[in-house]
Amino acid sequence: MAAIQDAVRRLSFPPSLILILLALLVLLMAPVLKPVSAYVEEPPPELRIYYDRRQSANFLHEYRVRVLVVEAPYGVADCWERLPNGTVVQLCPPVKDALVRIWYEELKELKEARTGQDGVASVDFRLWTMKATFRVEVYSEKGSTVQKIGINANPWFAIAYVCFAGMVSSLVFAVRRGLW
C-alpha cells in the first residue's frame with residue numbers, strides 16, 4: 001500500500017497547475033455549456049393566396065378575379081379542414097387591409113385593390129384572350145407573396161354572338177334584296 005501511495009505522490013501535479021488546467025477546461029466547455037434559451041424564435045408566417053375557381057370566365061366578358069389572402073403559420077400544410085358533414089372550415093386567419101396588385105399579363109394591365117375584413121379582394125377585367133394569366137402580388141405588414149393564376153375562357157358566348165350577327169345580317173340582306 002505504501003508503494004501505491006508513493007507512486008501517486010510522484011505523479012501528482014502542483015496545485016497551481018491543476019487550477020490552470022481546470023480554468024482552461026471551463027473556457028473550452030463554455031460554448032457547449034451555454035444555457036439554452038427558453039424562447040425559440042419561430043420563422044414568420046407565410047402569406048397564401050387562394051382564388052375563386054367557380055367564377056365563370058367567358059371570352060369578351062367581364063371576369064372578376066376574387067382572391068382570399070390568409071396568413072398560414074409555420075408548418076401548416078393546408079388552411080382548410082373538411083368536417084364529416086361536408087362543411088369546410090378555414091383554419092388560417094385572413095389578412096386585413098393588404099394591398100393586392102393584379103396584372104393581366106397578356107395585356108400588361110394592372111389593377112389594385114385592398115383586402116377587407118374577411119381577407120377578400122376582387123378586381124374586374126374584360127377577357128380579351130382565350131387563355132388569361134393573372135399575376136397576383138400581395139403586400140402587407142406581414143410580408144409579401146406572388147402567385148400566377150391561369151384562366152381558360154369559354155368561347156361559346158363569343159361564337160353565339162358571331163352566329164347571331166350572321167343571322168341578323170343575312171335577314172337584313174334578304175329583306176333588302178326582296179328575297180323574303
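- Annotation: disulfide bond (SG atoms under 2.5 Å apart) contacts involving residues 53-146, sequence neighbours excluded, comprise Cys79-Cys92.
- For the pair Lys111 and Phe125, the cation-pi test (distance below 6.0 Å, angle within 45°) is passed.
- Residue Phe164 is grouped with residue Val172 when hydrophobic side chains (ILVMFWY) are merged at heavy-atom distances under 4.5 angstrom, including chains of intermediate members.
- The CG atom of Asn85 lies 3.5 Å from the OG1 atom of Thr87; values are rounded to the nearest 0.5 Å.
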For a quick test of your reading: what N or O donor-acceptor pairs under 3.5 Å do the side chains of residues 52-60 make, sequence neighbours left out?
| residue | atom | partner | partner atom | Å |
| --- | --- | --- | --- | --- |
| Asp52 | OD1 | Arg54 | N | 3.1 |
| Asp52 | OD1 | Arg54 | NE | 3.3 |
| Asp52 | OD2 | Gln55 | NE2 | 3.1 |

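- For Ser170, there are no side chain to side chain contact (heavy atoms under 4.5 Å, CB included) partners two or more places apart in sequence or in a different chain.
- Each salt bridge (Lys or Arg N to Asp or Glu O under 4.0 Å) pair with one or both residues in residues 67-89, not counting sequence neighbours, appears once here: Glu71-Lys142.
- In the hydrophobic clustering, Val76 connects to no other residue, as no ILVMFWY side-chain heavy atoms lie under 4.5 Å from its own.
- Under the rule for a ring pair (Phe, Tyr, Trp, His ring centres under 6.0 Å), the partners of Tyr50 that lie at least two apart in sequence or sit in another chain are Trp80.
- The ring pair (Phe, Tyr, Trp, His ring centres under 6.0 Å) test applied to Phe157 returns His61, not counting sequence neighbours.
- In this structure, Tyr63 OH and Phe134 CZ are separated by 6.5 Å, a value rounded to the nearest 0.5 Å.
- Every residue two or more places apart in sequence or in another chain was checked for a side-chain hydrogen bond (donor to acceptor under 3.5 Å, both in side chains) with Arg114, and none qualifies.
- Listed by chain and number, the hydrophobic cluster partners of Val146 come to none, as no ILVMFWY side chain reaches under 4.5 Å of it.
- Tyr51 meets the side-chain hydrogen bond (donor to acceptor under 3.5 Å, both in side chains) test with no other residue; sequence neighbours excluded.
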Report the C-alpha distance between Tyr139 and Thr145 in whole Å, list the side-chain angles of each, state the deciding distance to 0.1 Å, and finish with yes or no for side-chain hydrogen bond (donor to acceptor under 3.5 Å, both in side chains).
-> CA-CA 7 Å; Tyr139 300 99; Thr145 187; over 6 Å; no
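- Rounding to the nearest 0.5 angstrom, the gap separating the CG atom in Leu47 from the OG atom in Ser140 is 5.0 Å.
- The shortest distance between side-chain heavy atoms of Ile149 and Val136 falls below 4.5 Å.
- One finds the CZ atom of Arg135 at 5.5 Å from the CD atom of Glu105 (value rounded to the nearest 0.5 Å).
- Linking Ile, Leu, Val, Met, Phe, Trp and Tyr residues whenever their side-chain heavy atoms come within less than 4.5 Å places Leu107 and Ile151 in a single cluster.
- In the hydrophobic clustering of this structure, Leu68 does not group with Val65; members are Ile, Leu, Val, Met, Phe, Trp, Tyr whose side-chain heavy atoms approach within less than 4.5 Å, directly or through other members.
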What pairs of donor and acceptor atoms, side-chain ones from residues 115-124 against any protein atom, are under 3.5 angstrom apart with sequence neighbours left out?
| residue | atom | partner | partner atom | Å |
| --- | --- | --- | --- | --- |
| Thr115 | OG1 | Val95 | O | 3.0 |
| Thr115 | OG1 | Asp97 | N | 3.0 |
| Thr115 | OG1 | Ala98 | N | 2.8 |
| Asp118 | OD1 | Val120 | N | 3.3 |
| Asp124 | OD1 | Arg64 | NE | 2.8 |
| Asp124 | OD2 | Arg64 | NH2 | 3.1 |

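- A side-chain N or O of Glu106 and one of Thr133 form a donor-acceptor pair less than 3.5 Å apart.
- Hydrophobic clustering places Met130 together with Leu127 (ILVMFWY residues linked when any side-chain heavy atoms are closer than 4.5 Å, directly or through intermediates).
- The CD atom of Glu137 lies 12.0 Å from the CD atom of Gln147; values are rounded to the nearest 0.5 Å.
- Every residue two or more places apart in sequence or in another chain was checked for a side-chain hydrogen bond (donor to acceptor under 3.5 Å, both in side chains) with Gln90, and none qualifies.
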